[in-house]
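Just below is one structure, and these are the notes that go with it.
Everything quoted here is computed from the prediction, not taken from an experiment.
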Amino acid sequence: MRLLIVEDERRVSQFLKKGFQAEAFSVDVANDGQAGLELACSGDYDAVILDIMLPRKDGIQVLQEIRQAKIATPILILSAKADVEDRVQGLNLGADDYLSKPFAFSEVLARIRSLLRRQSDDDRSPLLTLADLQMDVIRRKVLRGGKEIELTNKEFQLLEYLLRNKGRVLSRVIMSEHIWDMNFDSETNIVDVVINRLRRKIDDSFAPPLIHTVRGVGYVLKVAEE
Ligand code: CA
């Protein structure tokens with residue numbers, strides 16, 4: 001799952017970023033409204049956490065412009081402005097939920113999970129499968145052949161991305177851009193390291209193999225033809 005946090009208070013954004021990363025989310029942070037709007041409009045996020053009082057463009061304006069751009073990503077407003085009118089205005093303009101500061105991380109996490117579940121009836125189903133491999137994205141569970149497999153956060157995120165793109169060849173650069181945050185240095189061989197660990201866990205004791213190397217390009221998750 002990929003999350004965008006639009007928040008100018010560094011202390012708050014880093015607290016949220018660390019918390020969500022520990023829950024196996026990929027997290028990008030925008031420090032002002034304009035940067036947040038541009039990232040949100042790239043359309044590659046599963047959810048957005050949006051502050052209201054922001055430099056360069058306030059959160060209400062950002063929210064309006066995201067919805068005008070026909071981007072339906074779930075948005076949770078997280079704001080110190082907690083009046084009923086503010087909540088109503090945010091929700092009327094297309095926010096999916098509203099939480100006031102100060103907040104407990106566990107509550108933000110629960111609200112985001114609930115937004116993700118709500119939209120998961122659509123194309124971004126929380127249950128991803130290939131052959132006897134199953135991933136429940138919301139409950140963070142992976143099974144192969146009915147056996148539960150423990151994955152680290154990065155392994156989980158990479159497998160989720162492969163499953164969402166099963167049958168498609170993914171380059172190392174594309175994978176690292178999606179799994180690590182946008183400032184990640186994709187020169188390193190970290191993708192190969194994580195892929196090797198994933199292979200040991202999901203392919204070594206099972207058949208058929210699902211992770212395939214495409215020489216000179218990257219990797220593909222599929223059931224290979226005989
Ligand atoms: Ca603020």
Side-chain angles (χ1 to χ4, degrees), residues 1-21 23-128 137-140 157 160-161 164-165 177-178 181-182:
M1 293 284 180
R2 213 168 147 76
L3 182 69
L4 174 64
I5 297 169
V6 188
E7 168 64 73
D8 58 326
E9 249 181 280
R10 214 183 132 71
R11 188 180 51 82
V12 176
S13 65
Q14 291 311 303
F15 172 70
L16 286 171
K17 182 176 181 175
K18 285 208 185 85
F20 277 100
Q21 282 177 332
E23 297 292 330
F25 283 74
S26 307
V27 181
D28 284 334
V29 173
N31 299 307
D32 65 67
Q34 185 59 38
L37 176 64
E38 284 162 18
L39 281 176
C41 288
S42 76
D44 197 21
Y45 295 96
D46 296 291
V48 177
I49 294 178
L50 180 63
D51 184 23
I52 294 294
M53 284 182 282
L54 287 165
R56 289 180 76 204
K57 186 166 270 187
D58 76 49
I60 290 295
Q61 188 68 31
V62 173
L63 173 63
Q64 274 180 301
E65 290 187 34
I66 289 175
R67 292 308 185 223
Q68 276 161 12
K70 301 269 180 270
I71 288 164
T73 311
I75 297 177
L76 169 68
I77 290 182
L78 191 61
S79 175
K81 297 178 76 179
D83 295 347
V84 173
E85 298 91 277
D86 292 318
R87 284 175 188 256
V88 170
Q89 187 192 18
L91 295 171
N92 279 343
L93 290 172
D96 298 272
D97 203 353
Y98 198 114
L99 194 57
S100 48
K101 292 175 185 171
F103 58 86
F105 178 72
S106 55
E107 182 164 19
V108 183
L109 178 64
R111 300 283 190 104
I112 286 291
R113 285 220 164 111
S114 134
L115 291 183
L116 294 171
R117 259 196 304 272
R118 232 189 277 166
Q119 71 147 20
S120 64
D121 308 334
D122 319 334
D123 53 334
R124 296 194 73 108
S125 158
L127 198 62
L128 305 170
V137 174
I138 304 280
R139 287 163 62 226
R140 206 190 170 290
Q157 286 172 264
E160 178 188 347
Y161 188 60
R164 288 195 191 280
N165 293 282
E177 275 175 5
H178 278 263
D181 66 35
M182 53 192 174

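- With a 4.5 Å cut-off on side-chain heavy atoms, L16 and F103 count as touching.
- Counting heavy atoms from C-beta on, the side chains of L128 and R164 come closer than 4.5 Å.
- Between A69 and C41, the shortest heavy-atom contact is CB-SG, 4.2 Å.
- For M53 against A80, the heavy-atom pair with the smallest separation is CE-CB, 4.4 Å.
- Taking the charged nitrogens against the carboxylate oxygens, D96 and R67 do have a contact shorter than 4.0 Å, which makes a salt bridge.
- Counting all heavy atoms, side chain and backbone alike, A95 lies closest to I77 at CB-CD1, 3.6 Å.
- For the atom pair CD (Q68) and CD (Q61), the distance works out to 7.5 Å, reported to the nearest 0.5 Å.
- Residues satisfying the ring pair (Phe, Tyr, Trp, His ring centres under 6.0 Å) test with F20, not counting sequence neighbours, are F25, F105.
- V6 has its side chain out of reach of V62: every pair of non-hydrogen atoms, C-beta onward, lies at least 4.5 Å apart.
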Could you go through D28 and R2, starting from their C-alpha distance and side-chain angles, then the distance that decides it, and tell me whether this counts as side chain to side chain contact (heavy atoms under 4.5 Å, CB included)? CA-CA 8 Å; D28 284 334; R2 213 168 147 76; 3.0 Å; yes
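- Taking CD1 of I49 as the reference point, atom CD1 of I5 lies at 5.0 Å (rounded to 0.5 Å).
- Considering all non-hydrogen atoms of both residues, P74 and D46 come closest at CD-O, 3.2 Å.
- The two residues L54 and D8 come nearest to each other via the heavy atoms CD2-N, 3.6 Å.
- With rounding to the nearest 0.5 Å, the separation of NZ in K101 from CD in E9 is 5.0 Å.
- Residue L63 comes nearest to G90 through the heavy atom pair CD2-O, 3.4 Å, listed as atom of the first residue, atom of the second, then distance.
- The distance from atom CD of Q34 to atom CG of L39, rounded to the nearest 0.5 Å, is 10.5 Å.
- Screening R113, R139, R140 for a salt bridge (Lys or Arg N to Asp or Glu O under 4.0 Å) with E23, the sole residue that qualifies is R113.
- Going from atom CD of Q21 over to atom CD of Q14 covers 8.5 Å, rounded to the nearest 0.5 Å.
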Please assess E160 against V137 for the test side chain to side chain contact (heavy atoms under 4.5 Å, CB included), listing each intermediate value before the final yes or no. CA-CA 8 Å; E160 178 188 347; V137 174; 3.9 Å; yes
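- Between K57 and L37, the closest side-chain pair of non-hydrogen atoms falls below 4.5 Å.
- Taking CG from N31 and CZ from R56, the interatomic distance works out to 10.5 Å, rounded to the nearest 0.5 Å.
- A donor-acceptor contact shorter than 3.5 Å links the side chain of R111 to the backbone of Y98.
- Counting heavy atoms from C-beta on, the side chains of M1 and I112 never come closer than 4.5 Å.
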Assess whether side chain to side chain contact (heavy atoms under 4.5 Å, CB included) is satisfied between T73 and I66, documenting all intermediate values. CA-CA 9 Å; T73 311; I66 289 175; 5.8 Å; no
